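Quick notes on the structure that follows.
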Protein chains: 2
Amino acid sequence: MTAPDATAPRRSRRGGGITLGDVARLAGVSPITASRALNTPDQVAPDKLARVREAVARTGYVPNRLAGGLASARSRLVAAVVPTIAGPVFMEMVQSLTSALADAGYQLMLGQSGYTESREDALLEAIIGRRPDGIVLTGILHSPEGRRRLLASGIPVVETWDLTPTPIDMLVGFSHAEAAAAVARHLHAKGRRRPALLSADDERALRRNRGFVDEALRLGLVRDAAEIPALRVPAPTTLGSGRSGLARLLAERPEVDAVFCSSDMLALGVLVEAAARGIAVPQQLAVVGFGDLGFAADTQPALSTVRIDGTGIGQRAARFIVDRADGRTVGEKIVDVGFRVIERGSS
Amino acid sequence: MTAPDATAPRRSRRGGGITLGDVARLAGVSPITASRALNTPDQVAPDKLARVREAVARTGYVPNRLAGGLASARSRLVAAVVPTIAGPVFMEMVQSLTSALADAGYQLMLGQSGYTESREDALLEAIIGRRPDGIVLTGILHSPEGRRRLLASGIPVVETWDLTPTPIDMLVGFSHAEAAAAVARHLHAKGRRRPALLSADDERALRRNRGFVDEALRLGLVRDAAEIPALRVPAPTTLGSGRSGLARLLAERPEVDAVFCSSDMLALGVLVEAAARGIAVPQQLAVVGFGDLGFAADTQPALSTVRIDGTGIGQRAARFIVDRADGRTVGEKIVDVGFRVIERGSS
DNA sequence: ATGAAAGCGCTAACAT
DNA sequence: ATGTTAGCGCTTTCAT
């Protein structure tokens with residue numbers, strides 16, 4: 001029988017898992033050599049490399065990235081904050097972020113900021129505590145306290161889906177005002193003279209509304225902003241609120257001949273309601289959505305909309321963060337990915 | 001001038017951030033007391049507690065959870081794996097998981113398994129390396145190698161969206177076959193005698209198809225499984241594939257009087273195509289979807305569908321993991337959340 | 001190319 | 001209620 005080592009003062013806290021040390025012992029090398037075999041294989045002699053790899057395979061060893069992150073101050077974790085996961089709008093970006101980061105060996109942590117500032121602050125603290133190598137924000141950070149903490153944390157930040165001259169750090173977005181103005185010009189060119197706005201009550205949608213109205217004024221479409229009826233529905237937008245929205249809009253202003261919706265879902269609702277009422281689209285009513293979701297091209301009639309390159313935004317954001325983590329200096333910190341007005345049957 | 005401490009052998013590697021030690025020094029207590037003040041405040045005397053809290057506020061200290069996780073073997077990280085973020089189907093579950101976990105002080109890591117096994121294995125390794133306190137899987141894990149690694153890791157696993165007698169660990173799901181059988185009974189009760197299936201080619205959708213056909217045979221609706229036309233479209237399903245799917249279905253079998261779709265998006269496409277062709281729904285054609293997405297209640301006509309409680313699944317899964325992490329024993333490890341056939345205008 | 005030593009920032013275990 | 005000590009598993013720094 002083996003006596004317990006008298007020099008061992010107390011029971012070990014070890015989790016029971018296989019560690020780098022176990023692998024090293026099995027391979028007959030020092031832990032640091034095993035570490036190098038995994039991280040920088042070309043700094044290790046071929047025979048030792050092979051032995052380490054075999055030991056890894058035999059034990060099923062999976063490196064503990066918590067420990068690695070602590071030691072190297074690189075967590076290989078990136079946090080993304082979205083207002084809500086429920087909306088399909090940001091999904092394309094989240095999807096491409098996830099893939100692009102996974103390809104570079106990073107993992108995505110997802111957080112929902114919701115709508116209250118207190119939740120936003122709590123979320124930010126939870127995120128910063130994990131020491132991610134980067135944070136991707138969708139839209140503007142509301143709380144000034146949050147902004148300050150982020151800045152103080154020193155973690156690279158990419159804001160997205162918007163353009164501002166004063167980003168916290170890096171920025172990948174587009175101008176909502178310009179996108180809406182382009183839609184206004186499009187509808188004007190199609191001969192529409194009585195446009196209406198149907199939008200969610202979120203900040204960016206309202207900014208688009210203003211952009212639309214400003215351009216309408218400039219075009220001489222209307223003399224006064226008040227001439228453009230604008231109905232706001234609560235976010236997130238649904239097909240149902242699109243239907244009831246059109247109904248309410250027409251009840252007040254039956255002369256409306258075009259509707260610019262703040263989302264494709266809303267626009268789909270308008271399409272459905274128009275069909276139910278026997279209103280011909282686009283003859284009697286032009287409809288334009290926003291987002292170019294998967295279904296937009298296949299509605300009846302096909303939905304005109306504004307395409308935002310969510311995939312591109314995700315890829316640029318990932319690149320920004322990976323570059324920064326690798327110590328490369330990022331040249332231009334602001335990227336305008338633009339937008340495209342897609343003309344289809346509905347206008 | 002202060003001479004550098006001769007006993008200091010080398011420059012520190014410290015990241016420059018504020019640490020618990022700094023806070024403790026400022027508060028005039030030992031590090032462990034500061035730790036307790038933050039984690040178990042009622043084990044600390046009120047005056048010291050106040051001093052620690054003030055030091056935290058003054059410095060803007062945010063605990064390093066990487067270090068905490070390493071020391072305590074609890075990362076407070078939970079990983080969720082979805083086939084793809086793009087589909088709206090799992091979003092409800094992911095959303096509720098995120099919230100429920102955030103409330104319990106956990107953070108969600110999101111991974112996309114995609115469709116290839118190699119990606120699945122790589123993802124699993126990335127996840128296990130982070131030593132999460134739990135892993136939530138949507139659907140079945142394909143790779144047997146992956147299953148083995150998960151088991152070996154000892155991390156609590158919750159499989160979801162499905163029922164199997166042999167889960168890896170815990171399970172929150174429902175029977176796809178039974179759900180489809182219920183739809184078959186519903187259509188039969190409505191007098192439909194020529195049903196068709198329009199489905200994605202994913203594993204669970206095909207299981208529903210089989211459940212539907214089996215029940216149809218049992219009901220005497222058909223004599224032979226081949227009598228039920230079944231069209232498969234590639235996942236993810238879209239409105240467009242719903243439209244073209246109905247077109248192809250009718251081209252081959254004009255006598256079809258009901259379509260059971262594997263997703264609401266597909267069903268919406270069927271609705272749109274039917275409207276475009278002047279086919280009356282539900283008079284000439286009954287349509288049933290799956291998922292009860294946000295828009296289902298508001299289509300024209302309102303879409304009959306199968307409601308799955310994604311929020312409930314997320315909450316149960318979160319509970320399972322948090323309970324396990326807190327050392328509570330989980331009683332019944334398999335939860336059947338069931339489903340509900342929602343009858344609306346389209347059938 | 002390889003290794004020894006010393007942490008990274010925190011908490012569990014053992015005192016008092 | 002508070003402190004001391006010794007790690008958690010890895011990587012950095014420095015030396016060979």
Side-chain angles (χ1 to χ4, degrees), chain A residues 5 7-25 27-52 56 59 61-76 128-131 153, chain B residues 5 7-25 27-52 56 59 61-76 128-131 133 153 327:
Chain A
D5 187 348
T7 66
R10 61 191 65 171
R11 221 174 102 268
S12 157
R13 278 200 269 144
R14 276 195 51 184
I18 292 125
T19 71
L20 188 63
D22 299 332
V23 170
R25 207 169 312 120
V29 298
S30 76
I32 185 63
T33 302
S35 170
R36 287 198 266 251
L38 298 174
N39 298 318
T40 51
D42 31 49
Q43 285 181 33
V44 174
D47 60 321
K48 308 212 171 187
L49 193 98
R51 269 152 57 206
V52 170
V56 167
T59 53
Y61 168 70
V62 179
N64 184 333
R65 307 257 173 233
L66 251 44
L70 179 60
S72 67
R74 289 190 57 181
S75 63
R76 295 194 164 273
I128 295 174
R130 245 105 212 181
R131 304 294 190 264
S153 75
Chain B
D5 186 349
T7 66
R10 61 191 64 170
R11 217 173 104 271
S12 158
R13 279 200 267 142
R14 277 195 52 185
I18 293 126
T19 71
L20 187 62
D22 300 331
V23 170
R25 207 168 311 119
V29 298
S30 76
I32 187 65
T33 301
S35 170
R36 286 198 267 251
L38 297 174
N39 297 317
T40 51
D42 31 49
Q43 285 181 33
V44 173
D47 59 320
K48 307 212 172 186
L49 192 101
R51 266 150 60 204
V52 170
V56 168
T59 53
Y61 168 70
V62 179
N64 184 334
R65 307 258 174 234
L66 251 46
L70 180 59
S72 66
R74 288 190 57 181
S75 61
R76 294 192 165 272
I128 294 174
R130 244 107 215 181
R131 302 297 190 267
D133 292 339
S153 74

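Being a predicted model, the structure only gives us computed values, none of them experimental. Convention: sequence-line order gives letters A, B, ...; per-chain numbering from 1.
Put simply, CZ on Arg131(A) is 21 Å from P on dC10(D), counting in whole angstrom units. Separating the CG atom of Leu70(B) from the C1' atom of dT11(C) is a distance of 10 Å, rounded to the nearest angstrom. Between the P atom of dG9(C) and the CG atom of Asn64(A) lies a distance of 17 Å, rounded to the nearest Å. One interatomic measurement links the two molecules: CZ of Arg65(B) to P of dC10(C), which rounds to 10 Å at whole-angstrom precision. Separating the CG atom of Leu20(A) from the P atom of dG7(D) is a distance of 18 Å, rounded to the nearest angstrom. Rounded to whole Å, atom P of dA1(C) lies 12 Å from atom CG of Asp47(A). When rounded to the nearest whole Å, the span between CD1 of Ile128(A) and C1' of dG9(C) equals 17 Å. Separating the CZ atom of Arg25(B) from the C1' atom of dG3(D) is a distance of 16 Å, rounded to the nearest angstrom.
In the region residues 32-46 of chain B, proximity to DNA chain C at under 4.0 angstrom, judged on heavy atoms, holds for Ile32(B), Ser35(B), Asn39(B).
In this structure, of dT11(C), dT11(D), dC10(D), it is dT11(C) that holds the atom nearest to the side chain of Ser72(B). Taking the side chain of Tyr61(B) as heavy atoms from C-beta on, and the options dC10(C), dC10(D), dG9(C), the nearest nucleotide is dC10(C).
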Run Val62(A) and Ser153(B) through side-chain contact (heavy atoms from CB on, under 4.5 Å) and show every step you take.
CA-CA 9 Å; Val62(A) 179; Ser153(B) 74; over 6 Å; no
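Listed here is the closest heavy atom pair of Arg131(A) and Ser75(A): O-OG, 2.7 Å. Contact detail for Gly17(A) and Asp22(A): the closest heavy-atom pair is O-OD2, 3.8 Å.
A donor-acceptor contact shorter than 3.5 Å is absent between the side chain of Arg65(B) and the backbone of Arg130(A).
Close to dG3(D), at under 4.0 Å from its OP1 or OP2, lies a side-chain N or O of Ser30(B). For Lys48(A) and dA1(C), the shortest distance from a side-chain N or O to OP1 or OP2 is not below 4.0 Å.
A side chain to side chain contact (heavy atoms under 4.5 Å, CB included) with Leu49(B) is found for one member of Asp42(B), Val29(B), Val44(B), Leu38(B) and no other, namely Val44(B).
Between Thr19(A) and Asn64(A), the closest side-chain pair of non-hydrogen atoms is not below 4.5 Å.
In this structure Ala45(B) satisfies the side chain to side chain contact (heavy atoms under 4.5 Å, CB included) test together with Asp47(B), Lys48(B), sequence neighbours excluded.
Among the protein residues, Pro63(A) comes within range of the sugar-phosphate backbone only, with heavy atoms under 4.0 Å from sugar or phosphate atoms but none that close to a base.
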